[in-house]
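Heads up, the thing below is written out as structure tokens.
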Amino acid sequence: MNLNLKGNAEHTFDAIVVGSGMSGGWAAKELCEKGLKTLVLERGFDVKHIVDYKTANSAPWELQWQDTPSRQMLEQQEKQNRTGYTTKPARSYLFVDDIDHPYEEKQRFDWIRGYHTGGRSLMWGRHSYRLSPMDFEANAKEGISIPWPIKYDEISPWYDYVEKFAGISGQNEGLEQLPDGIFQPPMAFTPAELELKSGVEKKWSTRKVVNARVAHLTKPTAEQTALGRSSCMYRNLCIRGCPFGAYFSSQAATLKAAENTGNMTLRPHSIVHSVIYDEKAGKAVGVRLIDEVTMETTEYFAKIIFLNASAVASTAILMNSKSDRFPNGMDESGSLGGYLMDHHLGVGANGIMDRHLDKVQYGRRPGGFYIPRYRNFNEQPSSGKYLRGFGYQGGGMRQGWSRGIDGFGADFKKELTSFGPWSIGMQGFGECLPYENNRISLSPDKTDKWGLPLVVADAAFQENEYAMREDMMNDAAEMLESMGAKNISTYKQEPSIGLGIHEMGTARMGSSPKESVLNKHNQVWGAENVFCTDGAAMTSAGCQNPSLTYMALTARAADYAVSEMKKGNI
Ligand SMILES: Cc1cc2nc3c(=O)[nH]c(=O)nc-3n(C[C@H](O)[C@H](O)[C@H](O)COP(=O)(O)OP(=O)(O)OC[C@H]3O[C@@H](n4cnc5c(N)ncnc54)[C@H](O)[C@@H]3O)c2cc1C
Ligand code: SF4
């Protein structure tokens, strides 16, 4: 019998949210606003909005070693250095290193994380697109993996809901493959992008060049202003944190809203190990955690538990959650850990345009253009057969001093302060199919310094993705040709899972506990008061950037959780 009644009361809340990143922030906001006393457990350090964005206003010359990683960093962080940007001094404090946070890979796996309040919502690229009805139906139609247990119509109102609060700039286009949404005014195209749009849309009635849809405020609502957020200033230093709260992050938006209710308790340095399952009650009752700093273990209790630690980390928690009822972790289907997906990228084309040299772009716009999917939709593949498709992100800006000017004296100085031609480029984001053998597991014998078993990844892109990459490269060059771009060059790097930073799957949603970990409301089958609403839940990937879908799934699941709790069902 536990007689520590005071201790238990202090450790008991209505709800627990694990992780304070993109999806955890949403869970915290929704649960707090519905009146639940909510404990948010964040494994990393606390990053306070604005005051802790250390390099947000630093000029290039103020950055350590001109923002170049030290030799020691390069030697110590073999995996992180492969990615090319997590070790730059201006931002490295927000990215997880290989030293304290090792993992194992059987095939190359780039696991790019942020362990701090806000998670990767602070460093993300902010492109925000809905999945389409076609994306939710593809598995079922093609007999791939398992069908999604929900259709687009069920999530569409929740996309509306999260877009309105987050603030997405963009434009409605009436496209079936990229549903419209609730947008603030788009960031204007540059002359080079307008030329691309006109060239592409004249040549192909099937292809569209649309404004990037990015989570930046361009016309803040009263709700956003009340949270202290304001319009984007076009400085494109977002990855270091935004002093204006102009892009969507947990700090600027959801955690702030949760905090305003007075119902949120945020506990940083809290590494959740597992969910506690009570055999007698037949449900989960809390979580076990390890304090990152003191190494002490402790337990917290609640009626509802939301796992939002990010796809791989939430799955690791479910795997660690062993009980008589769940001897292999919280899953009976055998699918936990499988079907890891990511978007494959690093393929596209670049060129220049020497028209409109009397114009320059306005500021440092943090958006660009997007070309929605057309292959296997209204155009067949041309590079062999493959399923699904890809979209492109790109931009066209005047070249500056870094264009590699040579020279001497006054003429050289003049050249340095002038603009070069327009540079225009696009990169493909391709869908990855859900493969059973693309897996993560936990090491049987290796642990980190907190005693947690290391994550082991064994996953790779397969034939379908490689076949698609030919079209991704060739089509990009063709589209640049259509606008009359010059010096067109293509690229196609070797892709690796994780490098798209859209890792998802491994605890998928489905219609039966025999084949999935989560049901259609993101509840763990057999422990229905545990919800997992981050990327782990994804049954397929689409080719659109996924975070908006995690936000919508989270808001939807929180609404359901509270209504079920009120009915006494969980
Ligand atoms: C450079 C970059 C560019 C990106 N661009 C885009 C983009 O343009 N569009 C897009 O849609 N997505 C983009 N992404 C991906 C996007 O950031 C992720 O999809 C999103 O943040 C995932 O949300 P999440 O809540 O699952 O995880 P995260 O935001 O990563 O948050 C997880 C949180 O959980 C915490 N945590 C982990 N384990 C534990 C534990 N055991 N106990 C307690 N807490 C734990 C972490 O510290 C973290 O704070 C980008 C990411 C990066 C890094
Ligand atoms: S570009 Fe906009 S969102 Fe990004 S840091 Fe600047 S003001 Fe903030």
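Start at 1 and go down the list; that is how both ligands and their atoms are numbered. In this chain, residues are counted from 1 in sequence order.
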Counting distance only, does the side-chain N/O of [X] pair as donor-acceptor with the main-chain N or O of [Y] below 3.5 Å?
X	Y	value
R120	I112	yes
Q224	K164	yes
D135	L131	no
K54	A90	no
R439	L336	yes
R240	S58	yes

Do T533 and N522 pair up side chain to side chain, a donor and an acceptor below 3.5 Å, judged on atom types alone?
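Side chains of T533 and N522: no pair found under 3.5 Å.
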Would you kindly say whether Y115 and R113 are connected by a side-chain donor-acceptor distance under 3.5 Å?
yes
As an exercise, state the distance from CD1 of I155 to OH of Y161, rounded to the nearest 0.5 Å.
14.0 Å
So how far is it from D98 CG to M73 CE, rounded to the nearest 0.5 Å?
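Going from CG on D98 over to CE on M73, the span is 10.0 Å.
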Hey, which atoms in ligand 1 end up nearer than 4.0 Å to a heavy atom of [X]?
X	answer
S270	42 (N), 43 (C)
I317	41 (N)
L41	43 (C), 44 (N)
G114	46 (C), 47 (O), 48 (C), 49 (O)
H502	6 (C), 10 (C), 12 (N), 13 (C), 14 (N), 15 (C)

Can you name the closest pair of heavy atoms from E173 and D180 and give their distance?
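Nearest heavy atoms, E173 then D180: N-OD1, 2.8 Å.
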Taking all non-hydrogen atoms of both residues, which atom of Q251 and which atom of T117 are closest, and how far apart?
NE2-O, 2.7 Å
Taking the minimum heavy-atom distance to atom 32 (C) of ligand 1, which of G25, A316, A309, G119 ranks first?
A309
Any idea which of S23, G125, P546 brings a heavy atom closest to atom 3 (C) of ligand 1?
G125
Residues in ring pair (Phe, Tyr, Trp, His ring centres under 6.0 Å) with H521, at least two apart?
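Checked H521 against ring pair (Phe, Tyr, Trp, His ring centres under 6.0 Å); matches are Y560.
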Y129: ring pair (Phe, Tyr, Trp, His ring centres under 6.0 Å) partners, not counting sequence neighbours
H127, Y370
Looking only at distance, does [X] have an N or O less than 3.5 Å from an N or O of ligand 1?
X	answer
D534	no
A311	no
M123	no
H127	yes
R43	yes
V18	no

N/O donor to acceptor pairs below 3.5 angstrom from side-chain atoms of residues 297-305, sequence neighbours left out:
unit_1 : atom_1 : unit_2 : atom_2 : d
T298   : OG1    : H11    : ND1    : 3.4
Y300   : OH     : R267   : NE     : 3.1

Protein N/O/S atoms under 2.8 Å from atom 2 (Fe) of ligand 2: how many?
1
Which heavy atom of the protein is the closest neighbour of [atom], given with residue, atom name and distance?
atom	answer
atom 19 (O) of ligand 1	S547 OG, 2.9 Å
atom 28 (P) of ligand 1	R120 N, 3.8 Å
atom 40 (C) of ligand 1	V272 N, 3.7 Å
atom 15 (C) of ligand 1	I501 O, 3.2 Å

Would you say H116 contacts ligand 1, with heavy atoms under 4.0 Å as the rule?
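The answer is yes, since H116 has a heavy atom less than 4.0 Å from ligand 1.
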